[in-house]
Amino acid sequence: MSFDPVVRLADVTRVHGDGPQAVSALRGVSLDVAAGELVAVMGPSGSGKSTLLNLAGGLDLPTSGSVVIEGTPLVSLKAADLAGLRRRHVGYVFQDLNLIPSLTAAENVMLPRELDGIRAKQARRDALEVLTEVGLAEVADRFPDEISGGQRQRVAIARALVGERRLLLADEPTGALDTPTGDDILQLLRARCDVGAAVLLVTHEPRYAAWADRVVFLRDGEIADSTAVPLKSAR
Amino acid sequence: MAIRQGLLALLSQGPRYGYQLRAEFETSTGATWPLNIGQVYTTLSRLERDDLVSPGEQDEQGRVVYTITEAGRAEMERWFSTPVAQADRPRDELVIKLAMAVTARADVRPVIQAQRTATMRTLQELTRAKRANAGEPAQRLVLDSMIFQAEAEQRWLDHCEAVMAASPQTQETQR
Ligand SMILES: Nc1ncnc2c1ncn2[C@@H]1O[C@H](COP(=O)(O)OP(=O)(O)OP(=O)(O)O)[C@@H](O)[C@H]1O
Ligand SMILES: [Mg+2]
């Protein structure tokens, strides 16, 4: 690709813990995600998918190797600058959603904008706009425990979409949704991609991975295969 | 085969020419089941023999319009209300290949991996076709069916990989 990727991981290794308890969650993984590209990550439980996503979004730093977001190498950043870069450029949908139960749907979505110093009125307008985009305008003022699991999932996605963040990281965003609703979520991520976002999606479900431009298979912390390379014939 | 009943279902929407039936059959099944015009006319003449359709007069181009009969409607309704039996599926080459690879004590992991990548590519193509046909519910459902089947194969491959990784045979060939 001739232009810079939105995120680049180069020969990234992540060891959790040390001594005999040390776990190599990722070993020498290199991955680029370009603007407009949707990449899906698949692999068995414990293969390093969430670790990869956390590193790609600067929530965690590699033991070795480098992560570059929008041209900025993360190692060189002070903690406050890293936090700022994350807020401006990266949207996350966490495996366990992480909605704040004491805030309404709209307030949950407003939060990252307000942390960015946007005024409350503007932040609410932005929040309502994305909530409308994900089809949730009518539940904006309800609390997380007053809406369905699928609606909560979409609030978490709206929170990741708000603002002009170009890197979206989604860890199992289709959770326990029925398949047409899961398709709607993928439709949303795909639409963001088509207007220039880079999306990295972790999923166990082949039907959702199939929305991606490229599917990467992780095993034991390494990229075992990818749909981008020419198919090797079976032995 | 369901061509008979499929044609009856299309005719239940109104009288049709043979060539129209062929085109509509393909549209409804997302072009996954191409019919040739010969099959259509053979089927129509059997339906006529069984009094399930009735032909009209030939027009000046020699074309005949077919109309569904009462018995034809009853046959279509019987079809819709009868579940399809889990019939003898054609033998699946992939299943045989993996079974043989295990029996021959070959390393099955590369076989699984290559298949998983190939099946994922198929899934990606089906998903692209589905996105392109978003407004056509019949086609979408046909594509969804193929997506679910490819997905089942993917899950089965994951399962095979996990089972083989835990098996003593694999551990012995890997050491
Ligand atoms: N904070 C941590 N401390 C120690 N080990 C960790 C930590 N986080 C992850 N691990 C280990 O790293 C490996 C990869 O974990 P990771 O969460 O990335 O897997 P995953 O592919 O996301 O799995 P799942 O599909 O179950 O979510 C696992 O062996 C896990 O136990
Ligand atoms: Mg995980």
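Below, read A as the first sequence line, B as the second, and so on, with proteins coming before strands; counting in each chain starts at 1.
- Open room surrounds CZ on B:Arg46; 12 or fewer heavy atoms of other groups in view lie less than 6.0 Å from it.
- With hydrogens and angles ignored, the 3.5 Å screen pairs no side-chain donor or acceptor of A:Arg207 with any backbone N or O of B:Glu151.
- Crowding of B:Asn36 atom CG: a count of heavy atoms from other residues, nucleotides or ligands under 6.0 Å exceeding 12.
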Start with the C-alpha distance between A:Arg219 and B:Gln113, add both sets of side-chain angles, then the distance that settles side-chain hydrogen bond (donor to acceptor under 3.5 Å, both in side chains), and finish with yes or no. CA-CA 11 Å; A:Arg219 183 149 36 67; B:Gln113 218 161 292; 2.6 Å; yes
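- Within a 6.0 Å sphere centred on CD of A:Glu138, heavy atoms belonging to other residues, nucleotides or ligands number more than 12.
- No side-chain donor from either of A:Arg214 and B:Gln124 sits under 3.5 Å from a side-chain acceptor of the other.
- We find the OG1-CG distance between A:Thr179 and B:Asp144 to be 7.0 Å, quoted to the nearest 0.5 Å.
- For chain A, the option among B:Arg131, B:Gln154, B:Arg128, B:Glu125 with the highest count of heavy-atom pairs below 4.5 Å is B:Arg131.
- The distance from the CZ atom of A:Phe217 to the CG atom of B:Asp158 is 8.0 Å, given to the nearest 0.5 Å.
- Residue B:His159 qualifies as open at atom NE2: its count of foreign heavy atoms under 6.0 Å is 12 or below.
- In terms of heavy-atom pairs under 4.5 Å with chain B, the best-connected choice from A:Ala209, A:Pro44, A:Pro206 is A:Pro206.
- Between the CD atom in A:Glu205 and the CG atom in B:Leu123 there is a gap of 11.5 Å [rounded to 0.5 Å].
- Looking at A:Asp183 and B:Arg140, their side chains come closer than 4.5 Å, going by heavy atoms from C-beta outward.
- With a 6.0 Å radius and a threshold of 12 heavy atoms from other residues, nucleotides or ligands, A:Arg8 has its CZ atom at or below the threshold.
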